[in-house]
**Q** 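I have a structure I would like to understand better, so I am pasting it below and will then ask my questions one at a time.
The model shown is predicted, which means the values in this text are computed figures rather than measured ones.
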Amino acid sequence: MLTRSVPALSLSLAALLSAGAVAPAHGSPSPSGVEVCTVTGTSGQYSVRVRNTGSAPLTRVDVTGVRLDAAGQATDHLTVSLADIPPGKYKTAILARHEESAALDSIVTYTAVDGVETAQEELFAGKVAHVSPGSALQYTLAPLAVRGWTVAYGSATSPKLNAGSAVVLSYPVRSGKKPAARPEAGRTPSTVVPLTPCREAGKTS
């Protein structure tokens, strides 16, 4: 059973979740066919919006988050399933309501393949833990709110990522395998983009 937690975040995590750590204020485009952004309320509310930017309907999107305690540490996991998202449309997963705190952990998208619901893409919420300018893999990425993995990423043509900023790592689900709970060791993400607040209606970036 999920427990309610005090509506408090550690300063660094709060900055990542609410401000995107100076990333542009729009969603995070991904070649997987989804765009992800976050909505944060003034009293602890926290939601994740998933837009289908592909050409095929998404039969299901599982959005997994973690509750945060008063110190901003992850406690319970929770998953919200969003069903039937047509191309160009979005749905929103509410992970925390009034006087609760939460953060995004991962997302898995599904489409119908020959009539069978099949996992297509897995996305993980992370942060830029370290930047090493000039090295072959200049970015060290770590989980946004949980623990247990690091990913080395980057190349001469990689988009610039700011130290401390929140990001989304995308991986195609391997054929015949179930979605993973964390990035696979040694596997390079297909893309890494900023995780940013959703753009307000009527505004442009």
Side-chain angles (χ1 to χ4, degrees), residues 13 16-17 21 23 27-38 48 50-54 56 58-68 73-82 85 93 95 102-114 116-132 135-196:
L13 183 55
L16 287 170
L17 297 178
S28 305
S30 166
S32 64
V34 295
E35 180 181 86
V36 179
C37 61
T38 60
V48 176
V50 180
R51 183 185 297 274
N52 182 0
T53 59
L58 295 173
T59 57
R60 188 172 99 236
V61 176
D62 289 340
V63 180
T64 298
V66 289
R67 298 287 192 195
L68 301 173
Q73 300 300 309
T75 57
D76 302 311
H77 278 81
L78 68 158
T79 298
V80 177
S81 291
L82 306 174
I85 307 179
L95 299 183
L104 176 63
D105 182 20
S106 62
I107 296 173
V108 182
T109 66
Y110 296 82
T111 61
V113 178
D114 297 328
V116 178
E117 188 173 72
T118 304
Q120 295 296 324
E121 197 82 7
E122 48 194 350
L123 302 93
F124 299 94
K127 60 187 175 185
V128 182
H130 184 69
V131 179
S132 300
S135 66
L137 298 171
Q138 65 263 47
Y139 301 113
T140 299
L141 309 178
L144 179 61
V146 295
R147 297 180 180 179
W149 56 263
T150 57
V151 170
Y153 175 78
S155 69
T157 58
S158 296
K160 181 181 178 181
L161 300 173
N162 295 323
S165 63
V167 293
V168 175
L169 295 71
S170 259
Y171 296 84
V173 175
R174 293 186 187 275
S175 179
K177 289 194 173 184
K178 294 181 179 180
R182 64 182 65 184
E184 182 179 334
R187 187 183 181 196
T188 301
S190 58
T191 187
V192 176
V193 295
L195 174 63
T196 65

**Q** So, Glu117 and Thr59: side-chain donor and acceptor under 3.5 Å apart, yes or no?
**A**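 Yes, because at least one side-chain N or O of Glu117 sits under 3.5 Å from a partner of the opposite role on Thr59.
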**Q** Which heavy-atom pair separates Leu123 from Ser170 by the least distance, and what is that distance?
**A**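 Closest heavy-atom pair between Leu123 and Ser170: CD2-OG, 3.2 Å.
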**Q** Using the side-chain contact (heavy atoms from CB on, under 4.5 Å) criterion, which residues pair with Ala119? Sequence neighbours excluded.
**A**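 Counting only residues at least two positions away or on another chain, Ala119 forms a side-chain contact (heavy atoms from CB on, under 4.5 Å) with Val108, Tyr110, Val173, Pro179.
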**Q** Considering only heavy atoms from C-beta outward, does the side chain of Val80 approach that of Leu95 to under 4.5 Å?
**A**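 Touching, per the 4.5 Å side-chain cut-off.
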**Q** Scan the side chains in residues 137-149 for donor-acceptor partners under 3.5 Å anywhere in the protein, sequence neighbours excluded, and list what turns up.
**A**
from, atom 1, to, atom 2, distance (Å)
Gln138, OE1, Ser155, N, 3.3
Gln138, NE2, Ser155, O, 3.2
Tyr139, OH, Leu161, N, 3.0

**Q** For Ser81, which residues count as a side-chain hydrogen bond (donor to acceptor under 3.5 Å, both in side chains) partner, sequence neighbours excluded?
**A**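 Partners of Ser81 under the side-chain hydrogen bond (donor to acceptor under 3.5 Å, both in side chains) test: Asp62.
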**Q** Donor-acceptor pair, Thr118 side chain versus Val116 backbone, under 3.5 Å?
**A**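 Yes, the answer is positive, given that a donor and an acceptor are paired below the 3.5 Å cut-off.
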**Q** Can you name the side-chain contact (heavy atoms from CB on, under 4.5 Å) partners of Thr64, sequence neighbours left out?
**A**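 His77, Thr79, Asp105, Ser106.
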**Q** Taking all heavy atoms of Tyr153 and all of Pro189, pick out the closest pair and write down the distance.
**A**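 Scanning both residues completely, I find the closest heavy atoms to be CD1-CG, 3.7 Å.
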**Q** What's the separation between atom CD in Gln120 and atom OG1 in Thr111, rounded to the nearest 0.5 Å?
**A**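 The CD atom of Gln120 sits 3.5 Å away from the OG1 atom of Thr111.
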**Q** Side chain to side chain contact (heavy atoms under 4.5 Å, CB included) for Cys37 and Arg51? Distances and angles first, verdict last.
**A** CA-CA 9 Å; Cys37 61; Arg51 183 185 297 274; over 6 Å; no
**Q** Per the side-chain contact (heavy atoms from CB on, under 4.5 Å) rule, which among Thr109, Leu58, Val34 passes with Ile85?
**A**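 Testing Ile85 for a side-chain contact (heavy atoms from CB on, under 4.5 Å) against Thr109, Leu58, Val34 leaves exactly one candidate, Leu58.
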**Q** Within the structure provided, determine whether Val168 and Val192 are in side-chain contact (heavy-atom separation under 4.5 Å).
**A**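 Result no, sub-4.5 Å side-chain heavy-atom pair not found.
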**Q** Decide yes or no on side chain to side chain contact (heavy atoms under 4.5 Å, CB included) for Val167 and Lys127, but give the supporting numbers first.
**A** CA-CA 5 Å; Val167 293; Lys127 60 187 175 185; 5.6 Å; no
**Q** Which pairs, with at least one residue in residues 161-176 and sequence neighbours excluded, count as a salt bridge (charged side-chain N to carboxylate O under 4.0 Å, His left out)?
**A**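 Sorted pair list: Arg174-Glu184.
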**Q** State the CG-OG1 distance between Leu104 and Thr38, to the nearest 0.5 angstrom.
**A**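 Those atoms lie 8.5 Å apart.
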**Q** Who are the side-chain hydrogen bond (donor to acceptor under 3.5 Å, both in side chains) partners of Thr188, not counting sequence neighbours?
**A**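 Thr188 satisfies side-chain hydrogen bond (donor to acceptor under 3.5 Å, both in side chains) with no residue once adjacent residues are dropped.
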**Q** Could you go through Ser132 and His130, starting from their C-alpha distance and side-chain angles, then the distance that decides it, and tell me whether this counts as side chain to side chain contact (heavy atoms under 4.5 Å, CB included)?
**A** CA-CA 7 Å; Ser132 300; His130 184 69; 3.2 Å; yes
**Q** List the steps and the verdict of side chain to side chain contact (heavy atoms under 4.5 Å, CB included) for Val50 and Ile107.
**A** CA-CA 9 Å; Val50 180; Ile107 296 173; 4.2 Å; yes
